[in-house]
Amino acid sequence: MAQAVKRLFPDAKLAIGPAIEDGFYYDFDIPKKLTPEDLPRIEDEMNRIISEDLPIERREVRREEAIQLFRNKSERFKVEMLEEIDDERVTIYSQGEFFDLCRGPHLSRTGRVRAFKLLSLAGAYWRGDESREMLQRIYGTAFDSEKELNHYLGAREEALRRDHRKLGVELELFSIRDEIGPGLVIYHPKGAVLRTVIEDFLKKEHAKRGYQLVISPHIMRRDIWATSGHLQMEYPMYFFEIEGQGYGIKPMNCPAHIMIYKSRTRGHRDLPLRFFELGTVYRHERSGVLHGLLRVRGFTQDDAHIFCTMEQSEEEINNCISFAFEIQRIFGFDTFRIALSTRPEHFVGTHEDWEKATETLKKALESNELDYFIDEGEGVFYGPKIDVKLRDALGRWWQGPTIQFDFNLPRRFGMAYVGADNEEHTPVMIHRTVLGSLERYIGILIEHYAGAFPLWLAPVQVVVLPIADRHVTYASEIVGKLRSRGIRAEINQERETTANKIRKAWQMKIPYMIIVGDNEQNSNTLSVRSLSGKDERGLDLKQVIDDLLDEIESKAIRKA
RNA sequence: GCCGGCGUAGCUCAACAGGUAGAGCAGCGCACUUGUAAUGCGCGGGUUGGGGGUUCGAGUCCCUCCGUCGGCUCCA
């Protein structure tokens, strides 16, 4: 591709162009601004290069020699890269008039490229550094056969169909509107039901495990954010004044939980203390990063802070880990990728604290026999953390739970407990979530299930469809009975054909349709049609209710 | 925030190279009383994201702001 770009745009300067998970990209500095219309042109040129079937040659040269080579072509990015490479020898691949610095390996000839497609254009900073120049990046992908390429492109379309932003509107779950503001979610009735179901479930599960529910205000004095260190870290917050006093909208819930801890003297027998809050926080995210429910400015975390002794911390973290995975499995996720993030460049606290905390997290992961990888320098400023990524039905990875160690806040807030030795000690603090944020998690669920939620989560579980007006009374009775058993049921009494009512229920991904006409009314039975199209007739209402309740209770996962 | 694309009715989209906006779905009304993925007819609906400019004339061209999409950086 780079060769094609160089042929079409001789002024283009090559930056970097690696292979990525499902394709490749290349960054260029081109005076002309590329538009999507340029992609087919570049593809044409690429096809020409493929049909030329140029041999691809690997050559090993001294670093100095390579620098000279690229300097002659005034490829400043390549020169910059070479100047920072430690190896004395580097490899250069060439094909026809084109050559590039690359570790390899490559195909033997350009004619070996089978199926490829350029996908998109994007801006990208040179070396990913915000302060460096913006380059133009071209994304593409390549496969061994047209078939595989088409399969990949099909998967991309499927992902588009499942896009939670699209489904969120179609299924009337939520919206984000200009008038309200970017990154601010309004939940419509159906979305609010979904969220409430998740919240109630979380509250119950936390109570089971010894967490205490707490609630804290959305705004807190500016000073407390100085104590916590958010101010000094220039955390992206919103600030304002009330009667001359500075306030900030909370971007985290920790200070309030710490205040609850500090509301009385704590002894070692009080610990561990586990405070859980569905805490709505606001963060001033930069406009370019907002993305549907996955990245918003206001969101609710299923947040908890555990205060304990150093000795207790390992067990507490173990429990957090098993809690998180248990819940994730119930929601239908069973494949994970776990990252342990270590000390970042900017941090508070001492080196020793960081090491101790990181070790504890490591030990907890290892004792749970979980595979993980180390994300060097990716910790939060206040402590190292474990991040869990979830794999969805389409094989994509999403940010899920996080468990963060914190030696710093307890010290900053002067927290203490009286130990068995009758001396004051500083407790250890653990921040953790099970889902992450409700907004993001709901977004992930929508995409994972393509909107067809398991019964226990479905905003509308059953829709009752009377065939004609004379069946409405009977249908309403059924709805009433379902509702009295806590089943979320609705009636569609539009004067429409049954086929159309079924189509609408199907579009709304309602798990079950109960259809009643003369046959059912006369025999006091029902017909049940499932979302997947299964059709059963002459059923008994009591039995249907029991079956529905069983399925809800079991939180069974259905295939989307 | 940065680079680029886009912004027409609630939704999906149309309107030749500038000549004062159209369709389907949805909504409303009427008819139909219906048996498992769209019944028919009719009606209403837009100061073309906001503001400014060029022009006799702007949805169309230019500037600017806002939003959004794809990335980068950042992140629950």
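Since the model is a prediction, treat every value here as computed from it, not as a measurement. Proteins get letters first, then strands, A, B, ... in listed order; numbering begins at 1 in each.
Rounded to whole Å, atom C1' of B:C11 lies 12 Å from atom CD of A:Gln507. If you take CD of A:Glu494 and P of B:U39, they are 11 Å apart, rounded to a whole angstrom. The CG atom of A:Leu119 sits 19 Å away from the P atom of B:G5 (whole-angstrom rounding). Counting to the nearest Å, the C1' atom of B:G4 and the CG atom of A:Leu39 are 11 Å from each other. Separating the NZ atom of A:Lys166 from the P atom of B:C13 is a distance of 8 Å, rounded to the nearest angstrom. Regarding A:Asn492, its CG atom lies at a distance of 16 Å from the P atom of B:U36, rounded to whole Å. Atom CG of A:Asp469 is separated from atom P of B:A31 by 12 Å (rounded to the nearest Å). As rounded to whole Å, 18 Å separates atom P of B:G35 from atom OH of A:Tyr474.
Using atom C1' as the reference point in both B:G51 and B:A14, the two lie 27 Å apart (nearest Å). Spacing between B:G4 and B:U64 at atom P, rounded to whole Å, works out to 12 Å. Comparing the P positions of B:A23 and B:G46 gives a spacing of 14 Å, expressed to the nearest Å. Between B:C32 and B:A38, the distance separating the two C1' atoms is 16 Å to the nearest Å. Only the C1' atoms considered, B:C41 is 44 Å distant from B:C56, to the nearest whole Å. With both ends at atom P, the span from B:G49 to B:U60 equals 8 Å, rounded to whole Å. With C1' as the reference atom, B:U8 and B:G45 are 14 Å apart, rounded to whole Å. Between B:C65 and B:G5, the two P atoms lie 15 Å apart (nearest whole Å).
For A:Trp126, the ring-ring contact (aromatic ring centres under 6.0 Å, His included) partners at least two apart in sequence or on another chain are A:Phe77. Taking A:Ala324 as the reference, A:Pro401 meet the side chain to side chain contact (heavy atoms under 4.5 Å, CB included) condition, with sequence neighbours excluded. Scanning for side-chain hydrogen bond (donor to acceptor under 3.5 Å, both in side chains) contacts around A:Arg156 gives an empty result, with sequence neighbours left out.
Using bins of under 30°, 30° to 60° and over 60° for the plane-to-plane angle, the ring pair A:Tyr441/A:Phe333 lands in the perpendicular bin. Using a 30° and 60° split on the angle between ring planes, A:Tyr25 and A:Tyr139 fall in the tilted class, from 30° to 60°. In this pair, A:Phe323 and A:Tyr211 present their aromatic rings tilted. The plane angle is within the 30 to 60° band.
In this structure, A:Asn500 does not reach the B:A37 phosphate: none of its side-chain N or O atoms is under 4.0 Å from OP1 or OP2. Contact annotation: A:Arg529 side-chain N/O to B:A37 OP1/OP2 distance is under 4.0 Å. Using a 4.0 Å cut-off, some side-chain N or O of A:Thr497 falls inside it from OP1 or OP2 of B:U39.
We find that A:Asp27 and A:Arg137 are joined by a salt bridge, their nearest charged nitrogen and carboxylate oxygen being less than 4.0 Å apart. In summary, A:Glu439 and A:Arg195 engage in a salt bridge, as defined by a charged side-chain N under 4.0 Å from a carboxylate O.
Residue contacts shown for A:Asn519 include a base, since a base heavy atom lies under 4.0 Å away. Base engagement by A:Ser527 is indicated by at least one non-hydrogen atom pair under 4.0 Å involving a base atom. Contact annotation for A:Glu172: no contact, since no heavy-atom pair falls under 4.0 Å across all strands.
Residues A:Ser228 and A:Met252 form no side-chain contact, since every pair of their non-hydrogen atoms from C-beta on lies 4.5 Å or further apart. At a threshold of 4.5 Å between non-hydrogen side-chain atoms, the residues A:Leu34 and A:Val5 do not count as touching. A:Arg283 is not listed as a side-chain neighbour of A:Met237, based on a closest heavy-atom distance of 4.5 Å or more. Between A:Phe276 and A:His257, the closest side-chain pair of non-hydrogen atoms is not below 4.5 Å.
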Can you give one letter per nucleotide of nucleotides 68-76 of chain B, going 5' to 3': B for a protein heavy atom under 4.0 Å from the base, S for sugar-phosphate only, - for none?
SSBBBBBBB
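Of the residues in residues 185-201 of chain A, not one comes within less than 4.0 Å of RNA chain B through any heavy atom.
Below the 3.5 angstrom threshold, one finds a donor paired with an acceptor across the side chain of A:Glu520 and the base of B:G35.
RNA chain B is contacted by both A:His284 and A:Ile467; A:His284 maps to the nucleotide lying nearer its 5′ end (nearest heavy atom per residue).
Without hydrogens or angle criteria, A:Glu43 side chain to A:Leu118 main chain gives a donor-acceptor distance under 3.5 Å.
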Toss me the dot-bracket line for RNA chain B: Watson-Crick and G-U wobble, both under 3.5 Å, 5' to 3', using | for pairs to another strand and [ ] for crossers.
(((((((..((((.....[..)))).(((((.......))))).....(((((..]....))))))))))))....
